Student: 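Encoded as structure tokens, here's the structure I'll be asking about.
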Protein chains: 2
Amino acid sequence: MDFDECACSGKSLARLLRPAIMGTLAKGGAHGYELAQRLREMKMFAGDLPDHAGLYRALNHMEQEGYLVSRWDTEHAGPARKIFKLTSAGRACLAQWRETLRGYRQGLDELLRLLGRAR
Amino acid sequence: MDFDECACSGKSLARLLRPAIMGTLAKGGAHGYELAQRLREMKMFAGDLPDHAGLYRALNHMEQEGYLVSRWDTEHAGPARKIFKLTSAGRACLAQWRETLRGYRQGLDELLRLLGRAR
DNA sequence: TCCATTATATGACCTCATCATATAGAAGAG
DNA sequence: CTCTTCTATATGATGAGGTCATATAATGGA
């Protein structure tokens, strides 16, 4: 049977793009294209980032929320880069994410125990 | 700081309602209201199921997809109950979910390691 | 009679992500 | 000098999935 269209084949972890971005930015500022490359290296994105559209939208949205700040970098050759940095609000949000994700893992374990018993 | 509106405070595990439903139905048929009660007992839903609207929508949608079948039960007092059962396609989908969720768990661990290092 | 409980359902709306597409600078191939 | 590719950001259309508010209806108890 073919479940390619079904969520049960979900390739990317839903709603975890934001914490992944913040966790990466916590190690130093970066621009979108660079982030895409770093995130692609993570197993959880299975070699293909959810697509750049979502990434840029998430970055700009997080900036509007005050979790990131950006500045344009025109010092390099090629198109201008928008460098993002975590704000202190962003760091606080990241700390909250850490707790939330630990809870998610417990929930996932609970669900896997349920599915493990299921026949 | 208040993150109640932020996804970092996420109370329910996104997109895991369907596998939770299927896992529960794998142990025997049930109607929506009954499922809501059983799911509410799971820690991952933290005492409040995402709301009955989503549950009934998910059930009917999964039936349209062929993962569930239903029959009306009018033998009891009170309003009629719609009893749902997993089909063989549903069981196959559930098996796929099991694999996907194991992958999700690994991705979550990877992300938690990243956040653990982040300062 | 009125209310709570049991039970299902839908319209309006929101968030998040994807697909397709647009824009633009720079470097290298031919 | 033109074409393609890589770097880099952005947006419109669309869809999945879920929430909020509300509607409907049977039953039993205060």
Side-chain angles (χ1 to χ4, degrees), chain A residues 3-21 29-40 44-46 48-65 67-68 70-84 97, chain B residues 4-22 29-40 44-46 48-65 67-68 70-84 97:
Chain A
F3 289 114
D4 281 1
E5 306 283 297
C6 181
C8 67
S9 301
K11 272 123 199 159
S12 69
L13 217 33
R15 300 208 184 143
L16 296 188
L17 180 58
R18 275 165 174 72
I21 289 172
H31 62 278
Y33 195 85
E34 186 184 355
L35 272 169
Q37 290 173 322
R38 289 205 208 155
L39 293 176
R40 224 182 320 264
M44 59 178 286
F45 292 115
D48 56 4
L49 187 71
D51 156 299
H52 60 267
L55 176 61
Y56 288 116
R57 256 191 256 271
L59 285 170
N60 290 322
H61 194 237
M62 285 158 72
E63 185 175 20
Q64 279 175 22
E65 291 169 328
Y67 298 151
L68 305 180
S70 70
R71 61 179 174 83
W72 284 97
D73 169 16
T74 52
E75 288 174 24
H76 295 79
R81 304 168 176 183
K82 201 169 172 183
I83 313 280
F84 289 92
W97 263 115
Chain B
D4 281 1
E5 305 284 297
C6 181
C8 67
S9 300
K11 273 123 197 161
S12 68
L13 219 32
R15 297 202 187 149
L16 297 187
L17 180 58
R18 277 166 172 69
I21 290 172
M22 288 201 216
H31 62 278
Y33 195 85
E34 185 185 356
L35 272 169
Q37 291 174 320
R38 288 204 208 157
L39 294 176
R40 223 181 321 263
M44 60 178 286
F45 292 115
D48 54 3
L49 187 72
D51 157 300
H52 60 267
L55 175 61
Y56 288 117
R57 256 190 255 270
L59 285 169
N60 290 320
H61 194 237
M62 285 158 71
E63 185 175 20
Q64 278 175 23
E65 289 168 330
Y67 297 152
L68 305 181
S70 69
R71 61 178 175 82
W72 285 97
D73 169 16
T74 51
E75 289 174 20
H76 296 77
R81 304 167 176 183
K82 201 169 172 183
I83 312 279
F84 289 91
W97 263 115

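Source: prediction; values computed, not measured. Keep in mind that the numbers below use all heavy atoms, side chains included, and drop hydrogens, waters and symmetry copies. So that the names make sense, note that chain A is the first sequence line, chain B the second, and so on, each numbered from 1.
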Student: Quick one: pull up CD1 in B:Ile83 and CH2 in B:Trp72 and give me the separation to the nearest 0.5 Å.
Tutor: 10.0 Å
Student: In whole Å, I'd like the distance from the CE atom of B:Met62 to the C1' atom of D:dG18.
Tutor: 15 Å
Student: Starting from P on C:dT10, measure out to CG on B:Leu59 and report it in whole angstrom.
Tutor: 13 Å
Student: In whole Å, I'd like the distance from the CZ atom of B:Arg40 to the P atom of C:dA7.
Tutor: 12 Å
Student: Which whole-number value in Å describes the distance from A:Leu16 CG to C:dA17 C1'?
Tutor: 13 Å
Student: Restricting to non-hydrogen atoms, name the atom on A:Ala80 and the atom on A:Thr74 that form the minimum distance, rounded to 0.1 Å.
Tutor: CB-CG2, 3.9 Å
Student: Nucleotides 3-10 of chain D: which of its N/O atoms have a protein N/O under 3.5 Å away?
Tutor:
from: D:dT7; atom 1: OP2; to: A:Tyr33; atom 2: OH; distance (Å): 2.9
from: D:dA8; atom 1: OP1; to: A:Arg81; atom 2: NE; distance (Å): 2.4
from: D:dA8; atom 1: OP1; to: A:Arg81; atom 2: NH2; distance (Å): 2.4
from: D:dT9; atom 1: OP1; to: A:Lys82; atom 2: N; distance (Å): 2.6
from: D:dT9; atom 1: OP2; to: A:Gly32; atom 2: N; distance (Å): 3.2
from: D:dT9; atom 1: OP2; to: A:Tyr33; atom 2: N; distance (Å): 2.6
from: D:dT9; atom 1: OP2; to: A:Tyr56; atom 2: OH; distance (Å): 2.9
from: D:dA10; atom 1: OP1; to: A:Lys82; atom 2: NZ; distance (Å): 3.0
from: D:dA10; atom 1: OP2; to: A:Asn60; atom 2: ND2; distance (Å): 3.2
from: D:dA10; atom 1: N6; to: A:His52; atom 2: NE2; distance (Å): 2.4

Student: For A:His61, what residues pass the side-chain contact (heavy atoms from CB on, under 4.5 Å) criterion, not counting sequence neighbours?
Tutor: A:Arg18, A:Gln64, A:Glu65
Student: Rounded to the nearest 0.5 Å, what separates atom CG in B:Leu55 from atom CG in B:Leu39?
Tutor: 6.5 Å
Student: The criterion is side-chain contact (heavy atoms from CB on, under 4.5 Å); which residues satisfy it with A:Ala30, sequence neighbours excluded?
Tutor: A:Leu25, A:Glu34, A:Leu35, A:Arg38
Student: Could you check how far CD of A:Glu65 sits from C1' of C:dC14, rounded to whole Å?
Tutor: 14 Å
Student: Let me confirm one number: the CD1-CZ distance from A:Ile21 to A:Phe84, rounded to the nearest 0.5 Å.
Tutor: 9.0 Å
Student: Between C:dT8 and B:Arg57, counting only base atoms on the nucleotide and side-chain atoms on the residue, is there a donor-acceptor pair under 3.5 Å?
Tutor: no
Student: Taking atom C1' of D:dG12 as reference, at what distance in whole Å does atom CG of A:Asp51 sit?
Tutor: 14 Å
Student: What is the distance, rounded to the nearest whole Å, between atom CD of B:Gln64 and atom C1' of D:dG15?
Tutor: 15 Å
Student: Find the distance B:Arg71:CZ to C:dT8:P and express it as a whole number of Å.
Tutor: 12 Å
